[in-house]
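Since the structure comes first, as structure tokens, the remarks are kept for the end.
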Amino acid sequence: MRIKSLEEYHLEKENFEEKPENFWEEKAKKFVWYRKWDEVLNWDFKSANVEWFKGGKLNITENCLDRHLKNNGDRIAIKWIANNPNEKNIELSYKELHLQVCKFSNVLKSKGINKGDRICLYMPMVPELAIAVLACARIGAIHSVVFAGFSAKSLSDRINDATCKALITSDGGFRGDKITPLKSIADEALRSTPSIEFCIVLERTKSTIDMKDNRDFWWQDEMKNVNINCTPEEMNSEDKLFILYTSGSTGKPKGIVHTTAGYMIYTQYSFENVFQYQENDLYWCTADIGWITGHSYIIYGPLLAGATTVMFEGVPTYPDAGRFWKIVEENKINIFYTAPTAIRALEAKGNEYVRKYNLSSLKVLGTVGEPINEDAWNWYYNEIGNKKCPIVDTWWQTETGGIMISNLAGINKEKATFATLPLPGIKACIVDDKGAELEQNNIEGKLCVKYPWPSMARTIYGDHQRYFNTYFSAFPGKYFSGDGCFKNEEGLFRITGRVDDVIIVSGHNLGTAEIESAIDEHQNVCESAIVGYPHNIKGNGLFAFIICHQKPKKDDEINLEINNLITKHVGPIAKVDSFLYVDGLPKTRSGKIMRRILRKIASGITEDLGDTSTLLDPAVVEKIITEVKNNK
Ligand code: WTA
């Protein structure tokens with residue numbers, strides 16, 4: 001399936017342009033199907049309905065696991081590296097992983113889980129998380145992984161939104177020198193989640209926890225006497241595979257739904273081509289499985305390709321800032337995929353942490369999650385890749401399921417800070433504010449996709465109208481990504497960042513609405529507005545403009561109290577970096593906060609703020625600027 005040369009690359013693009021359905025059908029044939037599809041594609045962007053490979057029957061775990069057993073059963077599927085460098089790594093061969101998945105599938109079945117039930121996974125980065133994900137897929141249960149950094153409130157909201165029947169968690173999770181008390185957080189969440197029937201708890205940190213009779217069961221006990229055979233459930237192509245929540249511009253997080261066949265085909269295709277994976281390469285993606293990158297490029301993509309995927313429990317700076325590079329050396333990693341925020345943080349720690357290690361096994365480097373600045377790109381290229389590894393700058397989203405815009409490593413041109421070109425099979429375009437496509441080079445606009453691709457999200461769980469409104473209403477007939485994009489004189493794409501109210505902080509998507517509503521919980525707060533501003537390490541920092549009933553004094557504890565509220569309502573991934581207490585917020589006559597102005601002020605600009613004539617009270621802006629100056 002792999003495109004091996006520039007010639008083949010162009011040929012693939014031509015094949016797709018000529019006969020798009022044929023193009024994907026050829027890819028689909030490489031998988032194991034229980035029944036062949038009747039129709040390749042059915043789509044209508046006007047109602048946001050898309051179906052791929054209708055009539056087909058399959059199971060994604062048959063393709064991730066069973067089909068590799070005959071020839072490659074002893075190959076390592078998951079190589080797990082513990083947080084503590086002195087703890088032994090775990091290697092699970094395809095055979096062993098298959099066995100564990102079958103066993104856990106039977107545990108779930110014995111507890112009454114059926115096809116279509118939703119299961120929430122709130123776990124640290126341990127092999128059992130991958131096992132639980134695959135076990136759900138094997139029996140047709142829909143997994144909803146919630147990142148283990150989210151708060152009890154975020155967890156219960158997500159469980160309730162999807163009415164999950166079971167929760168899989170662990171006593172705790174190791175992260176650097178800290179332990180996250182996952183079970184205690186889960187217990188708090190479970191006080192308000194009526195749909196949960198039982199909870200399975202993995203023992204990992206041996207922390208003291210409460211186990212509730214008839215609700216909570218130990219993973220290790222359940223796995224003891226369970227049947228080792230489990231025939232995969234026959235799934236329809238469009239049966240739901242998983243739900244994954246992502247922050248939106250407004251309101252509560254969106255439960256993005258991915259389905260079976262299209263997601264499977266696209267994750268393998270993109271994995272093999274973008275990273276140019278070759279048999280026996282050791283591949284490591286440093287993401288967390290709680291995010292889409294972990295779903296598609298730690299679990300599904302690599303396992304579908306029969307690769308060995310490395311899974312790391314810890315953090316890049318523990319025990320010191322050389323940890324990533326130590327792991328690369330010790331394991332002879334060939335393909336390394338991480339986020340710009342990690343690159344910038346490690347660059348800031350100094351090169352001595354890098355130069356101690358032999359990184360010569362590296363062949364391909366990747367980045368994802370936010371725009372990478374030129375300095376970070378150069379450091380990655382020179383210091384980590386030793387000027388010999390191509391870098392793939394991969395643009396995609398939870399909603400796209402797989403990588404959409406990227407060079408293929410070493411095949412087509414790369415350019416610092418440019419995601420470069422859409423993959424063969426992807427019709428991306430840039431439009432102006434009215435939705436007109438900008439076909440010429442050297443232009444900037446909004447990034448859209450105008451033709452369906454197999455791994456696109458199908459809906460927002462329980463709210464198809466919101467799915468339509470969010471992605472298909474701004475520019476009728478096109479999927480709108482929410483990102484801005486510049487196309488240079490050669491036609492290469494550079495993502496310029498979000499154009500909506502999502503802020504990407506350290507690679508995590510945060511919705512302004514979620515954070516503002518947490519801030520507004522403070523008894524002294526009337527109203528608040530959050531914007532992003534450039535931050536050296538995190539990409540964006542959070543700047544809060546807050547109106548209080550009683551204006552706080554400089555030494556008040558309110559900043560800390562507000563950050564604690566955000567931790568409680570959202571999770572420790574979100575923290576305000578700068579606070580400004582103001583008397584008013586710039587609003588339009590229709591009551592919408594004009595964030596454009598606040599963004600400028602937050603990034604230190606106090607002149608030429610653009611058109612303020614539509615503001616209800618333009619004097620508010622002057623007052624805010626005075627506050628900023630007084631605050632210095
Ligand atoms: C941003 C992560 C620039 C973008 C896979 C997108 C990027 C959002 C890149 C999705 C990149 C992702 N260059 N920006 N290579 N990759 N983004 O859903 O703003 O967590 O819309 O998916 O991250 O974040 P999500």
Side-chain angles (χ1 to χ4, degrees), residues 1-6 8-9 27 30-31 63-65 67-81 89-97 127 130 264-287 289 293-312 324-339 342-343 357-368 380-381 384-394 396 402-403 406-412 414 423:
M1 226 194 244
R2 187 161 64 89
I3 297 166
K4 298 192 185 66
S5 64
L6 193 56
E8 280 179 25
Y9 175 80
K27 313 270 178 276
K30 309 270 162 55
F31 294 85
N63 286 288
C64 285
L65 302 171
R67 78 170 158 154
H68 304 310
L69 294 184
K70 192 159 157 257
N71 297 326
N72 292 310
D74 293 322
R75 179 180 293 168
I76 306 302
I78 295 178
K79 180 161 192 177
W80 177 80
I81 297 165
N89 298 339
I90 293 175
E91 294 188 334
L92 285 176
S93 67
Y94 273 89
K95 252 190 221 154
E96 286 157 338
L97 180 61
M264 173 185 79
I265 293 162
Y266 197 79
T267 48
Q268 176 171 352
Y269 163 76
S270 51
F271 170 75
E272 290 184 346
N273 283 297
V274 170
F275 300 105
Q276 287 292 300
Y277 167 76
Q278 295 180 43
E279 214 170 332
N280 298 319
D281 278 346
L282 191 59
Y283 163 85
W284 178 23
C285 166
T286 70
I289 290 171
T293 306
H295 281 60
S296 301
Y297 299 110
I298 294 179
I299 300 185
Y300 287 113
L303 295 180
L304 286 162
T308 301
T309 178
V310 172
M311 196 177 159
F312 175 46
F324 272 6
W325 321 126
K326 184 173 155 73
I327 294 174
V328 169
E329 176 184 283
E330 284 176 356
N331 298 279
K332 300 200 171 54
I333 304 285
N334 305 115
I335 305 174
F336 179 73
Y337 190 29
T338 195
I343 298 170
Y357 300 101
N358 177 353
L359 306 182
S360 62
S361 59
L362 289 171
K363 296 198 297 192
V364 172
L365 302 175
T367 138
V368 59
Y380 201 28
Y381 186 79
I384 306 305
N386 195 18
K387 301 188 173 72
K388 66 174 179 58
C389 302
I391 295 180
V392 288
D393 179 354
T394 63
W396 60 295
I403 297 167
S406 174
N407 49 314
L408 310 189
I411 300 285
N412 60 328
E414 68 186 0
L423 262 57

*Write down the atom of Y380, the atom of T338, and the distance for their closest heavy-atom approach.*
OH-CG2, 3.6 Å

_Closest contact, heavy atoms only, Y266 versus I403_ = OH-O, 2.6 Å

*Hey, what do you get for NZ (K388) to OG (S360), rounding to the nearest 0.5 Å?*
6.5 Å

*asked:* I'd like to know if the side chain of S296 and the backbone of T293 have a donor-acceptor N/O pair within less than 3.5 Å.
replied: no

*Does S361 reach the main-chain N or O of I333 with its side chain, forming a donor-acceptor pair under 3.5 Å?*
yes

*Using a strict 4.0 Å threshold on nitrogen-to-oxygen distance, state whether E279 and R2 make a salt bridge.*
no

_Residue that, paired with Q268, satisfies side chain to side chain contact (heavy atoms under 4.5 Å, CB included) out of F31, Y300, Y277_ = F31

_I299 side, atom CD1; L304 side, atom CG - distance, nearest 0.5 Å_ = 11.0 Å

*Between CD on residue E91 and CD1 on residue I76, distance to nearest 0.5 Å*: 4.0 Å

*Return the set of residues passing salt bridge (Lys or Arg N to Asp or Glu O under 4.0 Å) with K30 (not counting sequence neighbours), or none when no residue passes.*
none

_Interatomic distance, Y381 atom OH to N386 atom CG [nearest 0.5 angstrom]_ = 9.5 Å

*Under 3.5 Å, is there a donor-acceptor pair between the side chain of D74 and the main chain of S93?*
no

*Give the minimum heavy-atom separation between I3 and I411, together with the two atoms involved.*
O-CD1, 3.8 Å

*Would you please test V364 and Y337 for side chain to side chain contact (heavy atoms under 4.5 Å, CB included) and show each step?*
CA-CA 8 Å; V364 172; Y337 190 29; over 6 Å; no

*When rounded to the nearest 0.5 angstrom, what distance separates CG in L359 from CD in E329?*
7.5 Å

*Under 6.0 Å from the NZ atom of K326, do we count more than 12 heavy atoms belonging to anything else shown?*
no

*Could you tell me whether a side-chain N or O of R67 sits under 3.5 Å from a main-chain N or O of G306, the two making a donor and an acceptor?*
no

*Would you find a donor on one side and an acceptor on the other, under 3.5 Å apart, between the side chain of Y297 and the backbone of T267?*
no

_K70 atom NZ, over 12 foreign heavy atoms within 6.0 Å_ = no

*From T286 OG1 over to I298 CD1, what is the distance, rounded to the nearest 0.5 angstrom?*
7.5 Å

*Are the side chain of Q276 and the backbone N or O of N273 linked by a donor-acceptor pair below 3.5 Å?*
yes

*Considering non-hydrogen atoms only, spot the tightest contact between W284 and V310 and give its length.*
CD1-O, 3.5 Å

